[in-house]
Amino acid sequence: MTTAAALRAESARLIREKGGTSQGLVPTMGALHEGHAELARTAVEQNDVVVASIFVNPLQFGEAVDLARYPRTLDADLALLDAVGVDLVFAPDVDEVYPGGEPRVRISAGPMAEKWEGLPSRALRRRPDRGGQAAALRDARRGRRPELPAYRAYFGQKDAQQLALVQRMVADLNFPVEIVPVPIVRSADGLALSSRNRFLSAGEREAALVLSRALRLIEERAKAHQPLDLESVEALVRSQPLVELDYLDVVDPRTLEPLAENCRDTPFRGEGLALIAATVGKVRLIDNVPLDS
Ligand code: AMP
């Protein structure tokens with residue numbers, strides 16, 4: 001479907017046809033891989049009708065070149081979603097989502113969007129408007145029918161900040177939708193799958209493994225109630241010349257504020273989320289691991 005009206009009509013028809021009571025949404029930017037497939041499979045298991053959206057949202061990109069070079073593989077994406085059992089794909093163009101090209105009404109995502117991926121210096125380079133994701137979710141929901149009892153939307157833990165933000169937005173704005181987190185899918189060597197990995201050379205891909213290695217080290221220390229000693233982990237990442245570290249920190253999973261104690265010199269207790277972002281060659285990569293001692 002390329003229009004919200006067609007999506008609305010078709011999803012209503014399918015719900016009627018199946019006598020269904022639940023609808024799942026899997027929002028993506030396309031260039032799908034096994035991580036997206038896992039989101040879609042989970043949604044298909046849990047819902048009568050499943051919609052995936054494919055929309056490369058210009059609001060999520062800082063630079064026109066980055067937007068222009070984002071991979072687009074629609075035919076392969078449709079084949080993957082079909083094989084997994086997704087019922088409908090919503091693939092609108094920009095004008096369908098933002099008539100006239102720009103949203104007139106914007107949702108401010110607040111302080112949770114102002115750090116990490118949302119910091120102005122990073123946002124200028126890449127994602128100027130973390131609210132873009134909030135807007136995308138709201139737009140995708142335009143296709144819903146109010147009498148349907150259960151809506152679920154599926155988000156990967158890969159984008160931990162996005163997930164925390166969307167969960168908080170749905171709670172704060174009282175949206176009748178359940179947000180379902182899906183664990184990160186990795187390749188056998190530990191690299192988190194990403195649509196951007198295809199731009200890594202063989203050497204860069206090898207170098208990028210230091211991200212997941214660093215997170216594993218932090219995870220092991222947390223499990224063993226040891227001090228996390230982030231300085232030594234940071235040194236490990238910086239020893240890899242092809243990797244330019246952007247940030248590495250341990251935060252509260254709900255507020256995304258750095259954990260003041262608990263992570264440097266004292267034994268780790270409780271819950272946390274280790275976040276890492278780095279540029280490898282020209283590719284910006286993010287990864288994270290939940291910590292639970
Ligand atoms: P994207 O197409 O990159 O915007 O991602 C769409 C959805 O897929 C987001 O909820 C991501 O968190 C999720 N996702 C991307 N990569 C992975 C992965 N390796 N494992 C799990 N979910 C992922």
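Both counts, for ligands and for their atoms, begin at 1 and track the order of listing. Just so it is clear, the model here is predicted, and its values are computed rather than measured.
- Ligand 1 has no atom lying under 4.0 Å from any heavy atom of Gln60.
- Considering backbone and side-chain N/O atoms, Ser194 never comes within less than 3.5 Å of an N/O atom of ligand 1.
- For atom 12 (O) of ligand 1, the choice among Val56, Asp159, Leu191, Val185 with the nearest heavy atom turns out to be Asp159.
- Within the 4.0 Å heavy-atom cutoff, Pro27 counts among the residues contacting ligand 1.
- Within the structure, the closest approach of Glu38 to ligand 1 does not fall below 4.0 Å when heavy atoms are considered.
- Using a 4.0 Å cut-off between charged side-chain N and carboxylate O, Arg186 and Asp287 make a salt bridge.
- Residue Thr28 has at least one heavy-atom neighbour below 4.0 Å for each of these atoms of ligand 1: 2 (O), 6 (C).
- Using a 4.0 Å cut-off between heavy atoms, Val26 makes no contact with ligand 1 at all.
- Cluster membership for Val182 and Val86, using ILVMFWY side-chain heavy atoms within less than 4.5 angstrom, is shared.
- Among Arg196, Arg186, Glu34, Lys158, the residue whose heavy atom lies closest to atom 14 (N) of ligand 1 is Lys158.
- Not one N or O of Gln157 is nearer than 3.5 Å to an N or O of ligand 1, by distance alone.
- For Gln162, the heavy-atom gap to ligand 1 drops under 4.0 angstrom.
- With a 6.0 Å radius and a threshold of 12 heavy atoms from other residues, nucleotides or ligands, Lys282 has its NZ atom at or below the threshold.
- A salt bridge does not link Glu219 with Arg216: every distance from a Lys NZ or Arg NE/NH1/NH2 to an Asp or Glu carboxylate oxygen is 4.0 Å or more.
- Set against the non-hydrogen atoms of Leu193, the atoms of ligand 1 under 4.0 Å away are 16 (N), 17 (C), 18 (C), 19 (N).
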Chi angles and distances behind the salt bridge (Lys or Arg N to Asp or Glu O under 4.0 Å) call for Asp66, Arg284: CA-CA 11 Å; Asp66 193 23; Arg284 191 153 182 295; over 6 Å; no
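- Of the N or O atoms in Met29, one or more lie within a sub-3.5 Å distance of an N or O in ligand 1.
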I'd like a table of donor-acceptor pairs (distance under 3.5 Å, sequence neighbours excluded) in which one partner is a side-chain atom from residues 169-180, with atom names and distances.
unit_1: Asp172; atom_1: OD1; unit_2: Arg168; atom_2: NE; d: 3.1
unit_1: Asp172; atom_1: OD2; unit_2: Arg168; atom_2: NE; d: 3.4
unit_1: Glu178; atom_1: OE1; unit_2: Arg152; atom_2: NE; d: 3.1

Tell me which donor-acceptor pairs under 3.5 Å the side chains of residues 26-39 have, and how far apart each pair is, sequence neighbours excluded?
unit_1: Thr28; atom_1: OG1; unit_2: Gly30; atom_2: N; d: 3.0
unit_1: Thr28; atom_1: OG1; unit_2: Ser53; atom_2: O; d: 2.9
unit_1: His33; atom_1: ND1; unit_2: Gly35; atom_2: N; d: 2.9
unit_1: Glu34; atom_1: OE2; unit_2: Arg41; atom_2: NH2; d: 2.2
unit_1: His36; atom_1: ND1; unit_2: His33; atom_2: N; d: 3.0
unit_1: Glu38; atom_1: OE1; unit_2: Arg41; atom_2: NH2; d: 3.1

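- Using bins of under 30°, 30° to 60° and over 60° for the plane-to-plane angle, the ring pair Phe55/Tyr98 lands in the tilted bin.
- Listed by atom number, the atoms of ligand 1 under 4.0 Å from Gly156 heavy atoms are 9 (C), 10 (O), 11 (C), 12 (O), 13 (C), 22 (N).
- Distances below 4.0 Å separate heavy atoms of Ile184 from the following atoms of ligand 1: 20 (N), 21 (C).
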Audit row: Asp87, Lys18, salt bridge (Lys or Arg N to Asp or Glu O under 4.0 Å) steps and yes/no: CA-CA 11 Å; Asp87 299 286; Lys18 295 190 175 190; 2.9 Å; yes
